[in-house]
Participant: 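Sharing a structure, written as C-alpha cells. Questions coming.
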Amino acid sequence: MQMIPFDKRDGFIWFNGSLIKWDEAKIHVLNHGLHYGSCVFEGIRIYDGKIFKLDEHIERLFKSAEILDLKIPYSLNTIIIQTKNIVKTQGVRDGYIRPVVWRGSEMMAISAKGASTNIAIACWEWPSYFSPEKLMQGIKLSLSKWTRPSPSSAPTDSKAAGLYMICSLSKHEAEKKGFDDALMLDYRGFVAEATGANIFFVKKGELFTPTADCFLNGITRQTVIEIAKENNFIVNEGHFKPEFLENCEECFLTGTAVEITPIQSIDEYIFEERDVTKKLIKEFKRKVLGQ
C-alpha cells in the first residue's frame with residue numbers, strides 16, 4: 001500500500017490563525033527554521049475521538065519554543081482550543097496531531113530575533129506504528145554510532161527538530177542492516193533511548209528505564225511509569241551501561257508514535273518474555289480510552 005505524500009493530502013491545516021486548505025500550507029524555502037533548525041514540534045495521539053494528554057503536549061510545545069527563544073504569538077489556551085478544532089474539522093477518530101513552530105524568512109542569519117514566529121497544526125488518520133503481528137513479535141534494534149548530546153551542548157530538554165537529525169541517521173543505518181530501529185547511548189556511554197522513543201527493561205519482575213537527563217522525558221514514558229506503579233511494579237530510573245541488557249527478560253519502547261512496542265532483540269541481546277509488557281499494553285489501552 002503506497003503512502004500518500006504529506007503535501008498531497010486533503011483537508012485543512014490551522015496555519016497562523018486561519019484554516020487553510022492542506023495543499024496551500026506552504027512556507028518559503030529561505031525560512032530560518034529550515035536553514036538553522038529554529039523549529040520545535042509535538043506529536044499527539046487521538047484515540048476514539050479523544051485527544052490523549054493534550055494539555056501536557058501543548059505545555060511542552062510552549063516550553064520547547066521558549067528554550068529555542070521562539071515566542072508563540074498565541075496563548076496556550078488558544079492553541080489547545082485550535083487543536084481540538086482542527087481534529088473536529090478533519091473528522092479524525094484515531095490518528096495523529098502535529099503542531100509545529102518555526103522562525104520565519106524575514107532574516108537569513110544566525111541571529112534572527114527580528115524574524116516572525118509561525119505555528120501550524122495538522123491532523124490526520126494514523127493507525128498503530130507497527131502491525132499487530134509485528135507488535136507481538138517484537139522489533140529488532142542495533143546499537144547506533146551516534147550518541148545523545150549533553151545538556152551543555154544542545155537543548156536536550158526541548159522537542160527541537162534539529163535534535164532529530166542524528167536519530168534519522170541512526171535509524172537509516174539500522175534499517176540498512178536489516179533492523180527496525182537503533183538504540184542510542186548518551187554522551188557518557190549510558191543507554192539513552194531509541195531514535196524516537198524511550199526504552200524500558202524488565203529484570204526479575206522490576207522495570208528499569210534510563211534517567212531522562214539528556215533526552216526528553218516522554219509523556220508516554222511518564223504515563224507508563226504511572227501505570228506500572230498503579231499495578232505494583234517497582235520502577236527503577238538510573239544510568240545503565242549496555243552490559244545491563246544481559247539477563248533482562250523483557251524490553252520495550254514507549255512513545256506517542258510507537259505507544260508500547262515490545263523489543264525482540266538489541267544486537268546479541270534477546271528478550272523472549274512478554275508478560276509484563278502485555279500487562280502494561282492492556283492497561284495503557286484502558287487509560288487512553290478512558291476506561
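Scope of the values below: all heavy atoms of this structure, side chains included, with no hydrogens, waters or symmetry mates.
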Participant: Is a side-chain N or O of Arg274 found less than 3.5 angstrom from the main chain of Gln137, in a donor-acceptor match?
Facilitator: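 Such a contact is found between Arg274 side chain and Gln137 backbone.
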Participant: Is there a side-chain contact (heavy atoms from CB on, under 4.5 Å) between Arg286 and Ile227 once you walk through the steps?
Facilitator: CA-CA 10 Å; Arg286 287 167 57 88; Ile227 291 171; over 6 Å; no
Participant: Just do the side-chain contact (heavy atoms from CB on, under 4.5 Å) check on Arg188 and Asp213 with the steps written out, would you?
Facilitator: CA-CA 11 Å; Arg188 298 161 295 193; Asp213 57 4; 2.9 Å; yes
Participant: Lys171 side chain to Asp180 main-chain N or O, any donor-acceptor pair under 3.5 Å?
Facilitator: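 Yes.
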Participant: Tell me whether the guanidinium CZ or amine NZ of Arg45 lies under 6.0 angstrom from the six-membered ring centre of Trp126 and within 45° of its axis.
Facilitator: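 Arg45 over Trp126 ring: yes.
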Participant: Give the ring-plane orientation class for Tyr47 versus Phe284, where under 30° counts as parallel, over 60° as perpendicular and anything between as tilted.
Facilitator: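 Geometry flag for Phe284 against Tyr47: perpendicular rings.
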Participant: Please report the closest heavy-atom contact between Arg148 and Ala192, naming both atoms and the distance.
Facilitator: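 Scanning both residues completely, I find the closest heavy atoms to be CG-CB, 3.7 Å.
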Participant: Should Ile266 and Ile199 count as side-chain neighbours, where that means a heavy-atom distance under 4.5 Å?
Facilitator: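 With C-beta onward as the side chain, the pair touches.
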Participant: For the NZ atom on Lys241, are there more than 12 heavy atoms of other groups (residues, nucleotides or ligands in this structure) within a distance under 6.0 Å?
Facilitator: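 Correct, the count exceeds 12.
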Participant: Evaluate whether atom NZ of Lys278 has more than 12 neighbouring non-hydrogen atoms of other residues, nucleotides or ligands under 6.0 angstrom away.
Facilitator: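 Incorrect, the count does not exceed 12.
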Participant: Quick one: are Ile58 and Ile44 in side-chain contact, heavy atoms under 4.5 Å?
Facilitator: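 Ile58 reaches Ile44 side chain to side chain.
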Participant: Taking the ring centre of each residue, are Phe41 and Tyr164 less than 6.0 Å apart?
Facilitator: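 So the answer is yes for these two rings.
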Participant: Going from CG on Asn198 to OG1 on Thr220, what distance comes out if it is rounded to the nearest 0.5 angstrom?
Facilitator: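 Atom-to-atom, Asn198:CG and Thr220:OG1 are 8.0 Å apart.
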Participant: Measure from the side-chain N and O atoms of Lys203 to the backbone N and O of Glu246, and report whether any donor-acceptor pair falls under 3.5 Å.
Facilitator: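 A pair under 3.5 Å: yes.
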Participant: Does any part of the side chain of Asp186, heavy atoms only, come nearer than 4.5 Å to the side chain of Pro210, both counted from C-beta?
Facilitator: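 They are not in contact (no side-chain heavy atoms under 4.5 Å apart), so the answer is no.
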Participant: Between Glu56 and Ile219 (side chain of the first, backbone of the second, donor and acceptor by atom type, cut-off under 3.5 Å), is there such a pair?
Facilitator: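 No, because the side chain of Glu56 does not come within donor-acceptor range (under 3.5 Å) of the backbone of Ile219.
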Participant: Calculate, to the nearest 0.5 Å, the distance between atoms CG and CE belonging to Leu30 and Met107 respectively.
Facilitator: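 Answer for the CG-CE pair, Leu30 versus Met107, is 14.0 Å.
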Participant: For Asp267 and Leu143, indicate whether the former's side chain and the latter's backbone hold a donor-acceptor pair under 3.5 Å.
Facilitator: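 Yes, the answer is positive, given that a donor and an acceptor are paired below the 3.5 Å cut-off.
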Participant: Considering all heavy atoms of both residues, which atom of Thr156 and which atom of Ser150 are nearest to each other, and what is their separation?
Facilitator: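 For Thr156 versus Ser150, the nearest heavy atoms are CG2-O, 3.8 Å.
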Participant: Would you check if the side chain of Ser144 reaches a backbone N or O of Trp146 as a donor-acceptor pair within less than 3.5 Å?
Facilitator: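 Checking the backbone N and O of Trp146 against the side chain of Ser144, a donor-acceptor pair under 3.5 Å is found.
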Participant: Crowded around Glu272 CD? As in, over 12 foreign heavy atoms under 6.0 Å?
Facilitator: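 12 or below, so no.
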Participant: Less than 3.5 Å apart, any donor N or O on the side chain of Ser116 or Asn118 sitting next to an acceptor on the other?
Facilitator: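 Side-chain D/A pair, Ser116 to Asn118: present.
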Participant: Considering all heavy atoms of both residues, which atom of Ser38 and which atom of Leu70 are nearest to each other, and what is their separation?
Facilitator: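 Smallest heavy-atom distance, with atoms named: O-CD1, 4.0 Å.
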Participant: Kindly indicate whether the side chain of Tyr96, heavy atoms from C-beta on, has any atom under 4.5 Å from the side chain of Thr256.
Facilitator: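 Yes, their side chains come closer than 4.5 Å.
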Participant: Report yes if some heavy atom in the side chain of Leu68 is under 4.5 Å from a heavy atom in the side chain of Pro155; otherwise report no.
Facilitator: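 Leu68 reaches Pro155 side chain to side chain.
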Participant: Membership question, hydrophobic clusters at under 4.5 Å side-chain separation (ILVMFWY): are Val29 and Tyr36 in the same one?
Facilitator: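 As far as the 4.5 Å side-chain criterion goes, Val29 and Tyr36 are connected within one cluster.
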Participant: Would the distance check show the side chain of Glu273 and the main-chain N or O of Glu249 forming a donor-acceptor pair, the cut-off being under 3.5 Å?
Facilitator: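 No, because the side chain of Glu273 does not come within donor-acceptor range (under 3.5 Å) of the backbone of Glu249.
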Participant: Should the pair Lys279-Glu283 be classified as a salt bridge under the 4.0 Å nitrogen-to-oxygen rule?
Facilitator: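 Yes, this pair counts.
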Participant: Take the angle between the ring planes of Trp14 and Tyr74 and call it parallel below 30°, perpendicular above 60°, tilted in between.
Facilitator: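 Aromatic pair Trp14/Tyr74 classed perpendicular.
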Participant: First locate atom CG of Leu245, then atom CZ of Phe271, and finally report the distance between them rounded to the nearest 0.5 Å.
Facilitator: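 Rounded to the nearest 0.5 Å, the CG-CZ separation comes out at 4.5 Å.
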Participant: How many angstroms lie between NZ in Lys84 and CD1 in Ile51, if you round to the nearest 0.5 Å?
Facilitator: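 One gets 7.0 Å once the value is rounded to the nearest 0.5 Å.
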Participant: Around atom NZ of Lys177, are there more than 12 heavy atoms of other residues, nucleotides or ligands at under 6.0 Å?
Facilitator: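 Count over threshold, so yes.
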Participant: Quick one: do Val40 and Lys159 satisfy side-chain contact (heavy atoms from CB on, under 4.5 Å)? Show the steps, please.
Facilitator: CA-CA 6 Å; Val40 297; Lys159 197 170 177 66; 5.6 Å; no
Participant: Please check if atom NZ in Lys50 has more than 12 non-hydrogen atoms from other residues, nucleotides or ligands closer than 6.0 Å.
Facilitator: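 It does: Lys50 NZ has more than 12 such atoms within range.
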Participant: Can you check whether Tyr269 reaches Phe201 side chain to side chain, under 4.5 Å on heavy atoms?
Facilitator: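 A side-chain contact under 4.5 Å is absent here.
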Participant: Can you give me the closest heavy-atom contact between Glu42 and Arg60, atom names plus distance?
Facilitator: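 Closest approach of Glu42 to Arg60: OE2-NE, 2.7 Å.
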Participant: So, the side chain of His35 versus the backbone of Ala109: is there a donor-acceptor pair under 3.5 Å, distance only?
Facilitator: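 No.
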Participant: Taking the six-membered ring for Trp, are the ring centroids of Phe252 and Phe200 within less than 6.0 Å of each other?
Facilitator: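 So the answer is yes for these two rings.
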Participant: Is there a path of hydrophobic side-chain contacts, each under 4.5 Å between heavy atoms of I, L, V, M, F, W or Y residues, that connects Ile281 with Phe233?
Facilitator: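 Looking at the clustering, Phe233 is in the same group as Ile281.
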Participant: Just wondering, are more than 12 heavy atoms of other shown residues or ligands nearer than 6.0 Å to CD in Glu66?
Facilitator: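 It does not: Glu66 CD has 12 such atoms or fewer within range.
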Participant: Atom OG1 of Thr78 and atom CD1 of Ile119: how far apart are they, to the nearest 0.5 Å?
Facilitator: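 Those atoms lie 10.0 Å apart.
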Participant: Could you tell me which non-hydrogen atom of Ala25 sits nearest to which non-hydrogen atom of Phe15, and how far apart they are?
Facilitator: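 Closest pair (atom of Ala25, atom of Phe15, distance): CB-CD1, 4.0 Å.
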Participant: Does any non-hydrogen side-chain atom of Trp102 lie less than 4.5 Å from one of Leu34?
Facilitator: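 Result no, sub-4.5 Å side-chain heavy-atom pair not found.
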Participant: Counting only heavy atoms from other residues, nucleotides and ligands, does the tally under 6.0 Å from CD1 of Ile27 exceed 12?
Facilitator: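 For Ile27, atom CD1 is crowded (more than 12 foreign heavy atoms under 6.0 Å).
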Participant: To the nearest 0.5 Å, what is the distance between CG (Asn31) and CD (Glu106)?
Facilitator: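 That separation rounds to 9.5 Å.
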Participant: What's the shortest heavy-atom distance between Met184 and Ser170, and which atoms?
Facilitator: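 In this case the closest contact between Met184 and Ser170 is CE-OG, 3.7 Å.
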Participant: Could you tell me whether Arg221 and Glu193 have a side-chain N and a carboxylate O separated by less than 4.0 Å?
Facilitator: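 No, Arg221 and Glu193 are not salt-bridged.
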Participant: What I'd like to find out is whether the side chain of Gln82 reaches to under 4.5 Å of the side chain of Asn85, using heavy atoms alone.
Facilitator: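 Result yes, sub-4.5 Å side-chain heavy-atom pair found.
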Participant: When clusters are formed by joining ILVMFWY residues with side-chain heavy atoms under 4.5 Å apart, either directly or through shared neighbours, do Ile20 and Ile86 land in the same one?
Facilitator: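 Unlinked, Ile20 and Ile86 end up in two clusters.
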Participant: Counting neighbours of CE on Met108 that are heavy atoms of other residues, nucleotides or ligands and sit closer than 6.0 Å, is the number greater than 12?
Facilitator: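 Correct, the count exceeds 12.
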Participant: Test of understanding: clusters of I, L, V, M, F, W, Y form through side-chain heavy atoms closer than 4.5 Å, transitively. Do Leu54 and Ile81 belong to the same one?
Facilitator: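 The answer is no; the residues belong to distinct hydrophobic clusters.
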Participant: Can Phe179 be reached from Val258 by stepping across I, L, V, M, F, W or Y side chains whose heavy atoms are under 4.5 Å apart?
Facilitator: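 The answer is no; the residues belong to distinct hydrophobic clusters.
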Participant: Hey, mind stepping through Asp48 and Arg93 against side-chain contact (heavy atoms from CB on, under 4.5 Å) and telling me if it holds?
Facilitator: CA-CA 5 Å; Asp48 194 26; Arg93 297 289 300 174; 2.9 Å; yes
